[in-house]
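Since the model is a prediction, treat every value here as computed from it, not as a measurement. All ligand and atom numbering here is 1-based and tracks the order in the structure.
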Amino acid sequence: MFDDINDLYQQVILDHCKQPRNFHELPQATCSAQGHNPLCGDQLKLFLSLDGEKISDISFVGSGCCISKASASLLTEFAKGKTKSDVEKMFEQVHEMVMSGKVLGDVGKLAVFAGVHKYPARVKCAILSWHAVMAALKGESKPVSTENEQT
Ligand code: ZN
């Protein structure tokens, strides 16, 4: 689908889609949040284990399209060992990136989602796991739906 962006980016997304990292439940989770993207049918649940401000462990389960799975997989890879504020900051950067295609600052591998802005229907897929992690950090128990978000 990403015919005109870097093949490497596509490879990273396919790799994380086929073999999602941290794809399991987390029995010791201290918080969790569910995300649902009705437009595409993506559904996921994130589990976080917080140690003060630090995310000591994070995982997810769910089903959905390749973009949503790869996004959640890369999110868990990024967030493990980071602080709440690191994740909040990265949420802003990823959000801006999927909306505008502009990569701001050092987003590492998450730059693979910059191309998503060209496919508006896919933006919600890419940002779903980020809305879910923000909800988990805020301790919201209500499932997150992209229907209620401005994306
Ligand atoms: Zn999707």
Side-chain angles (χ1 to χ4, degrees), residues 1-26 29 31-49 55 57-82 84 86-151:
M1 59 180 281
F2 296 141
D3 45 359
D4 59 350
I5 70 161
N6 204 316
D7 272 356
L8 179 71
Y9 283 9
Q10 198 175 347
Q11 287 306 319
V12 172
I13 290 176
L14 283 176
D15 173 41
H16 279 263
C17 166
K18 284 185 188 147
Q19 293 181 307
R21 316 301 196 269
N22 308 303
F23 191 64
H24 54 81
E25 295 195 2
L26 200 63
C31 53
S32 66
Q34 292 181 59
H36 180 214
N37 175 16
L39 285 180
C40 177
D42 310 314
Q43 247 172 329
L44 55 86
K45 186 168 183 187
L46 277 166
F47 301 88
L48 281 79
S49 180
I55 297 162
D57 210 352
I58 179 167
S59 70
F60 79 105
V61 294
S63 61
C65 67
C66 225
I67 301 276
S68 67
K69 257 195 199 162
S71 173
S73 173
L74 281 154
L75 180 153
T76 59
E77 215 177 45
F78 163 79
K80 201 181 272 193
K82 297 285 196 306
K84 282 184 191 180
D86 290 335
V87 171
E88 283 160 12
K89 217 175 105 190
M90 189 55 84
F91 169 79
E92 297 298 329
Q93 282 174 283
V94 170
H95 191 261
E96 175 64 25
M97 188 173 73
V98 297
M99 299 298 286
S100 71
K102 282 194 222 82
V103 180
L104 307 167
D106 181 14
V107 297
K109 271 193 227 167
L110 295 165
V112 299
F113 295 105
V116 169
H117 83 281
K118 283 182 270 179
Y119 307 88
R122 293 298 186 175
V123 168
K124 285 174 193 283
C125 304
I127 205 73
L128 177 65
S129 57
W130 288 91
H131 281 304
V133 76
M134 295 297 281
L137 290 175
K138 285 180 197 148
E140 284 166 17
S141 52
K142 208 169 58 147
V144 189
S145 170
T146 52
E147 283 291 271
N148 308 325
E149 303 283 347
Q150 300 294 315
T151 43

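- In this structure, the ring pair (Phe, Tyr, Trp, His ring centres under 6.0 Å) partners of Phe60, at least two apart in sequence or on a different chain, are Phe23.
- Using cut-offs of 30° and 60° on the angle between ring planes, the pair Trp130 and Phe78 is tilted.
- Here Cys125 contributes SG and Cys40 contributes SG, and at the Zn ion (ligand 1) these two atoms make an angle of 110°, given to 10°.
- Within Asp42, OD2 is the N, O or S atom that lies nearest to the Zn ion (ligand 1).
- Screening Thr146, Asn37, Asp42 for a side-chain hydrogen bond (donor to acceptor under 3.5 Å, both in side chains) involving Ser68 leaves a single residue, Asp42.
- Inclusion of Cys66 in the first shell of the Zn ion (ligand 1) is not supported: no N, O or S atom falls under 2.8 Å.
- A heavy-atom distance below 4.5 Å is not found between the side chains of Gln19 and Ser73.
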